[in-house]
Amino acid sequence: MDMQTNKKKLGLKEKYAHMTRGLDWETSYQSMDKVFPQATFEGIKIHDWDKWEDPFRLTMDSYWKYQAEKERKLYAVLDAFAQNNGHLGITDARYINAIKLFLTGISPLEYVAHRGFAAAGRNFPGVGPRVACLMQSLDEVRHAQTQIHALSNYNKHYDGFHDFKHMLERVWYLSVPKSFFDDAFSSGPFEWMIAIGFSFEYVLTNLLFVPFMSGAAYNGDMATVTFGFSAQSDEARHMTLGLECIKFMLEQDPDNLPIVQKWIDKWAWRGIRVLTLVGMMMDYMLPKRVMSWKEAWEIYFEQNGGALFGDLARYGVKVPECITQCTIDKEHISHQAWATFYQYGGAAAFHTWMPTDDEMDWLSAKYPTSFDKYYRARFTYWRDEAAKGNRFYTNTLPMLCQVCQIPMLFTEPDDPGQICYRESDYEGEKYHTCSDGCKKIFDDEPQKYIQAWLPVHQIYQGNCFPEGTDPTVEGFNPLAKVLEWYHLEHGKDNLDFEGSRDQKNFDTWRGLATKNT
Amino acid sequence: MAVTALKDYQFSPADTQDKFHGGQLLYVGWDDHLMFCAPFAYCLPPTTPFSELCNKILANSFGYHPDWSKVDFSTATWLKSGQPWQPDMSKTIGELGLKHKDVLRLKTPGLTGINGSRS
């Protein structure tokens, strides 16, 4: 017997309303203020949470269905990649170092993003953003997992992939992305949404994912390309959430504007500093380049970001004030960062090298006003010295910025030949920052940054040696002990690419695959 | 400005001098020599003679550079927190009044790095 139904299937909009907003209620045993203690302290005023528009209107059941479909495709590709020794299809073993940087520096952040969006979802009284944050939280943990799985294929064959989680909390340059997320996570839910949801996932995300994923495609790394594709449709949703969130805050109350603007200024700068690592990767670590960092910056920030801020102008939002500095920096930061990793290559969990003549010509062409004038002589000198057996490794720890935690490698806005020094005095202590942007952030909330876990200072305090180390013994080698504490194996994970195990193994294995002897 | 927080937000600084086992932090950069990507951080007892800093400690850090052997400390000039500063080579860093986390810039006129590139 056929069932007679009165009503046809629910439409998407109705289904979304029933399965999200319809599930919410006003608490009665406890006041709403106690249930949502983080909803108001940041000063953001929300009058009507129902005004939140979720442009995707995704419900949990369809979320499950779409994601499961994508996972099946992804894991089929990863299996094929593993079974066919896909790692031997990449352009050159130098490329592998780009994905080491990704696994150690980016993938753990996906996990922190998962936790952060879960916390934001818990803390918003409105059901619309709560559901959207829940889904983003699940996306982020999937991204962390799929990236770890994809890159685990490389861990079977190459050095430096073995302990990314341990390294994130210890290794000096990984404190840069780690402290960025810690800063966001330790703020309130609204600031988190501007920091990660808007600035990072909307304004800057193309500068992170496009270079890595296009870099993977250009260099024959199909495993990485596939997780990139798998994540891409989620990223579109994340961008929309970030944008919706900022519009919602601005539409709810005019008093929110100055708070939101302050966060945009802060988090654009914080994010751009972290992206220095991506710039370096694009210009130096990809054997087959996609585009220069400067070109990516011009397309994804200056053009696309410019259009976005054009749209937001009607709310009174201004372009982040750091833009002038960034326009100068785009000519320099990738070279400055690579010079830093090259000389601290003894303490990095990936290999470094100097560009070939062809690559230097490419850099000159892409950076006509800066590369030859400021960097070529230095790089050529290093390369020539390395050829003579005198490869340069700095033997002294660098001074770090109190806010971004990057070594003080950035130069003055009006003089690319001069390191930029900024300092602040707070309660009798001196604090040093790398730029006007970082100084401003420090001066605004000094109490937050005086606690910073700066790797260099921690080493000098004796906190970065394996348990039971006695630094007073004769012939104590602090660097060796720090590397041990990092779980970084000297001579395998670090030093120059030339002469590395990765280089030798890749050449041998590819030789077996392509030659008869 | 105070941190916007749920509760009273007071924490002690992570890097006060008492945590450095009798040492104090001193940062030194060498202008026009960007081969060294950033100023160096040292943890030194206040009893360290300034001459030892220049002739041993900085020499160990900067010695790779071909300009280092040409540095003449009698004509070199210094900046402390960006202001001109004149050290007495015979004194210790403590006697010279250098405080925890002070920053010095060494300027060596005439030495402009590899091929004059300020590297």
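Protein chains get the first letters and strands the later ones, always in sequence-line order, with residue 1 at the start of each. Just so we're clear, the structure is a prediction, and the values are computed from it rather than from any experiment.
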Out of B:Pro39, B:Cys43, B:Ala2, B:Gly82, return the one with the most heavy atom pairs under 4.5 angstrom to chain A. B:Pro39
Spacing of A:Arg376 atom CZ and B:Ser117 atom OG [to the nearest 0.5 Å]: 12.5 Å
My understanding is that only one of A:Met408, A:His432, A:Lys430 makes a side-chain contact (heavy atoms from CB on, under 4.5 Å) with B:Tyr27; could you say which? A:His432
Just so I know, are the side chains of B:His21 and A:Tyr460 near enough to count as touching, which here means a heavy-atom distance under 4.5 Å? no
Quick one: which of B:Val28, B:Leu34, B:Asn115 has the most heavy-atom pairs under 4.5 Å with chain A, could you say? B:Leu34
On a heavy-atom basis, the closest approach of A:Thr396 and B:Ala41 is CG2-O, 3.9 Å
Among B:Gly29, B:Gly116, B:Ala5, which has the most heavy-atom pairs under 4.5 Å with chain A? B:Ala5
Can a donor-acceptor pair be found between the side chains of A:Glu423 and B:Ser81 at a distance below 3.5 Å? yes
Separation of B:His65 NE2 from A:Tyr381 OH (nearest 0.5 Å): 7.0 Å
Within residues 85-102 of chain B, contacts to chain A at heavy-atom distances under 4.5 Å involve B:His100, B:Lys101, B:Asp102
Ring centers of B:Phe11, A:Tyr449 separated by less than 6.0 Å: no
CD-CD distance between A:Glu429 and B:Gln17, expressed to the nearest 0.5 angstrom: 8.5 Å
Between A:Ala377 and B:Ile114 the two heavy atoms that sit nearest each other are O-CG2, 3.8 Å
Top residue by heavy-atom pair count (under 4.5 Å) with chain A, among B:Ser12, B:Gly23, B:Pro66? B:Pro66
A:Gln418 and B:Asp32: side-chain donor and acceptor closer than 3.5 Å? no
Where B:Thr4 and A:Glu42 come nearest, the two heavy atoms and their spacing: CG2-CA, 3.8 Å
Ring-plane angle category for B:Phe20 and A:His457, please: parallel below 30°, perpendicular beyond 60°, tilted otherwise. perpendicular
